[in-house]
Structure formats: C-alpha cells, structure tokens
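The structure presented is a predicted model; accordingly, all values stated were derived computationally and were not measured.
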Amino acid sequence: KNFNKLFVAAKYISFPLSSAREAARDLGLLPGIAVAASLIDAHAGGLGVIGADVKGHGLVCEGQPVTSRLAVICGTSSCHMGISKDPIFVPGVWGPYFSAMVPGFWLNEGGQSVTGKLIDHMVEGHAAFPELQVKATARCQSVYAYLNSHLDLIKKAQPVGFLTVDLHVWPDFHGNRSPLADLTLKGMVTGLKLSQDLDDLAILYLATVQAIALGTRFIIEAMEAAGHSISTLFLCGGLSKNPLFVQMHADVTGMPVVLSQEVESVLVGAAILGACASGDFASVQEAMAKMSKVGKVVFPRLQDKKYYDKKYQVFLKLVEHQKEYLAIMNDN
C-alpha cells in the first residue's frame, strides 16, 4: 500500500536528511512523509471524543466552552481527562500539564486503578459464575449482556439501580488513584447474604458498576472544588460499550453522557493528530470538531437523583469507616 500519510500525534519532528531517508527506506514509506510524536493511549482517546460537534443533541455543553467537558476513557482502568485555559491544581489528580492533550489547554487527569478488571474480578469470583457462563453461551451473549438482561428481569416495577438499596461497594481493591491518592486503601462490600444464586451475582455486579460511577462522581467533585466546571461526560473505551455502565454514570453524576459514533476513539485521536501533521487541518481543535462524531447521548434519570445522592453518602462513609478501622488497629 502507498502510505502517503503517517499519523500518530501532534508535533513535527525534524531529523537529519540522511536519517530520514534511512527511516523511510526501512519502513517502506515515501521520503518527506510527515511524522509526529505519539500520545499516551488515554490522551488520544480524550482527543478523539472531547471536541465533538454536539449541535442538535439537546446538550447544555453546546453553549459552553470545551472546558465544560470531561472525557472518561474506561477499560481495564479508567482515566478522567479535564482541560482548562488556566492551570488548575487538584489534590489527588495529576497535572496540570500544558498542551499534553489539547494544544493551548492545561490537562488534569484523574483515574481509577481498576474498573473493568474489578468488574471481572467480582463476577468471575462469584459461586454462580459457572451457571452464568452456561446460560450466556446458550443465548450467544457475553456474560455482561446476560447480566444486564437478568437485572431487567428481576427489577420488576422499580428502576434497576434500586436493587442495591442494601448492598454497597467501595471499589478500591487496588488502592485509590484519585482523588485520595492512597494506594493502601482496600475494597469493601457491605450487605452480603448467604445466597449465592444468579440473582445475587447480578446485584453484586450492579453494585460494583455503581461504585465505579460513584468514584467518578468523587473525582468530578474534587475537580470542581478546585476550579473546574463540568457539565457533560464523554465516554470511550471498552466499558462504554456496556449500556448499564453508561446509564449508571449518567444517573450517579446527574450529567448526560456522550458516546462517540466511532467506538475506537483512541484511534480517532491518533487520526486527528495525523490529519494535522499532514496538513489536512490548520489546528487540532478544527480537526477534533470535524472528525469526532456524536453517536449516542444518554441522559440521567433525574427522578432517581435522591436515591443516588443517598448511595453517594454511603459511598463516602465506607472510606471514612475504613480509615477509622485502620486507626483502631494501629492504635498502641
């Protein structure tokens, strides 16, 4: 194939002419091709979603600056990427880094050490997991698609999220990255019973997903307390393909969630930067607006706000109590 454009990032790199010719020959590329430095995967994902043109979708961020948007790149772990015109220092959140993701803007990066991996851990470690595997395979579904449909079955007339009224999870099974920056924290589950059937597994799965969403709310509150103003979430990554995960993030944060038309948003971010390097766009911001497309918008169920506010209160109590337990055990 004739690669007349090579795109991986934003800044041009200059090489001696002889080195450039050698590199072109070794890689099978045309001499003089535009080459740029690469980005971290989560940064590329943020770039691929955060600048999308949202006109006509009924989103409050349509009339707000791009700094009102938070990109959440969620897979095995999750990264929360927020930008600002001026540097903002957020305790427990990395940054600010100038032009690290969007040129001309400062980047703050929050994160959760385990998200998708935690969901796998909770589901696969449950006694009913073998039964789940058999039933999901029989329907030609993933175990998570099956669990989502099973939750719809057992919720009856109530909203699905209300199934966890007496089951709560603190999700830091691998320490807390943001906003507490405490690697000594452990995971917690309160409200367990003797039952180990498929209903029990589905509700534990739901409580875990909610805990991850509550952790995102915790990060957002820390960022806003420091000076950010966030109104809309832009999700990408493997977990953004799970409708329950997306809806819980909308419901728990009270914010709409925008999903990209192109599910592999990290690749879109790389393509955006490459399109700038090759001269197709005058700026990264222009490329973001033209190449990032809104696929779906998920709005929060605002009628459930009171319930999730209570869940959040319990969530914060869990870590408060964990620290109290540690202090008791360390008291001489």
Side-chain angles (χ1 to χ4, degrees), residues 41-42 45 72-80 110-137 139 141-155 159-164 167-178 185-192 195-219 233 235-253 257 259 263 265-266 298 308 311-312 314-315 318-319:
D41 53 357
V72 184
I73 299 83
C74 42
T76 303
S77 58
S78 293
C79 295
H80 302 69
Q112 294 164 293
S113 299
V114 284
T115 48
K117 183 64 177 176
L118 176 61
I119 296 170
D120 290 345
H121 174 76
M122 300 293 267
V123 170
E124 294 173 8
H126 196 278
F129 181 65
E131 178 188 355
L132 170 63
Q133 285 183 300
V134 170
K135 290 186 173 181
T137 300
R139 287 193 188 176
Q141 289 182 311
S142 72
V143 293
Y144 297 113
Y146 187 94
L147 284 172
N148 290 349
S149 62
H150 191 76
L151 285 168
D152 285 335
L153 183 68
I154 65 177
K155 72 181 178 66
V160 68
F162 287 31
L163 287 167
T164 61
L167 183 65
H168 310 282
V169 174
W170 177 263
D172 290 335
F173 284 55
H174 197 55
N176 182 279
R177 177 176 156 190
S178 299
L185 289 175
K186 306 297 190 293
M188 302 172 73
V189 183
T190 178
L192 294 173
S195 61
Q196 292 185 313
D197 59 15
L198 195 54
D199 288 2
D200 180 68
L201 169 53
I203 295 171
L204 180 62
Y205 156 68
L206 171 62
T208 304
V209 171
Q210 288 175 335
I212 293 167
L214 289 162
T216 291
R217 177 169 169 172
F218 197 19
I219 291 169
L233 304 183
L235 263 61
C236 66
L239 287 176
S240 69
K241 301 173 187 178
N242 183 333
L244 179 72
F245 186 90
V246 175
Q247 188 65 59
M248 287 300 105
H249 271 72
D251 292 348
V252 166
T253 63
V257 175
L259 301 176
V263 294
S265 297
V266 171
V298 177
Y308 289 110
K311 287 284 291 186
Y312 188 58
V314 174
F315 181 79
L318 287 173
V319 71

Contact between [X] and [Y] at the side-chain level, heavy atoms closer than 4.5 Å - yes or no?
X	Y	result
Lys311	Val252	no
Asn148	Pro243	yes
Gln141	Ser149	yes
Leu201	His150	no
His249	Val298	no
Asp120	Tyr144	yes

So, [X] side chain and [Y] main chain: donor-acceptor pair closer than 3.5 Å or not?
X	Y	result
Ser113	Asn176	no
Ser265	Gly45	no
Gln210	Gly161	yes
Gln112	Ile212	yes
His126	Met122	no

Is there a side-chain contact (heavy atoms from CB on, under 4.5 Å) between Trp170 and Leu214 once you walk through the steps? CA-CA 9 Å; Trp170 177 263; Leu214 289 162; over 6 Å; no

Looking at Leu147, Thr164, Val143, which hits side-chain contact (heavy atoms from CB on, under 4.5 Å) with Tyr205?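 Checked Leu147, Thr164, Val143 against Tyr205; only one passes side-chain contact (heavy atoms from CB on, under 4.5 Å): Leu147.
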
Please identify which of these residues, Ile119, Val246, Thr115, Leu151, meets the side-chain contact (heavy atoms from CB on, under 4.5 Å) condition with Val209.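 Checked Ile119, Val246, Thr115, Leu151 against Val209; only one passes side-chain contact (heavy atoms from CB on, under 4.5 Å): Ile119.
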
Verdict with supporting geometry, Leu204 and Val189, side-chain contact (heavy atoms from CB on, under 4.5 Å): CA-CA 9 Å; Leu204 180 62; Val189 183; 4.2 Å; yes

Should the ring pair Phe315 and Tyr312 be called parallel, tilted or perpendicular, given that the plane angle runs from 0 to 90° and is split at 30 and 60?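 Answer is parallel, since the angle falls under 30°.
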
Nearest-0.5 Å distance that lies between atom [atom1] in [X] and atom [atom2] in [Y]:
X	Y	atom1	atom2	result
Arg217	Asp251	CZ	CG	11.5 Å
Asp172	Arg177	CG	CZ	12.0 Å
Phe162	Leu206	CZ	CG	11.5 Å
Ser78	Lys117	OG	NZ	14.5 Å
Leu235	His80	CG	NE2	8.0 Å
His174	Leu118	NE2	CG	11.5 Å

Step by step, would you call Val114 with His121 a side-chain contact (heavy atoms from CB on, under 4.5 Å)? CA-CA 10 Å; Val114 284; His121 174 76; over 6 Å; no

Can you give me the closest heavy-atom contact between [X] and [Y], atom names plus distance?
X	Y	result
Ala42	Ile73	O-CD1, 3.5 Å
Leu163	Ile203	O-CG2, 3.7 Å
Gly110	Ser178	CA-OG, 3.4 Å

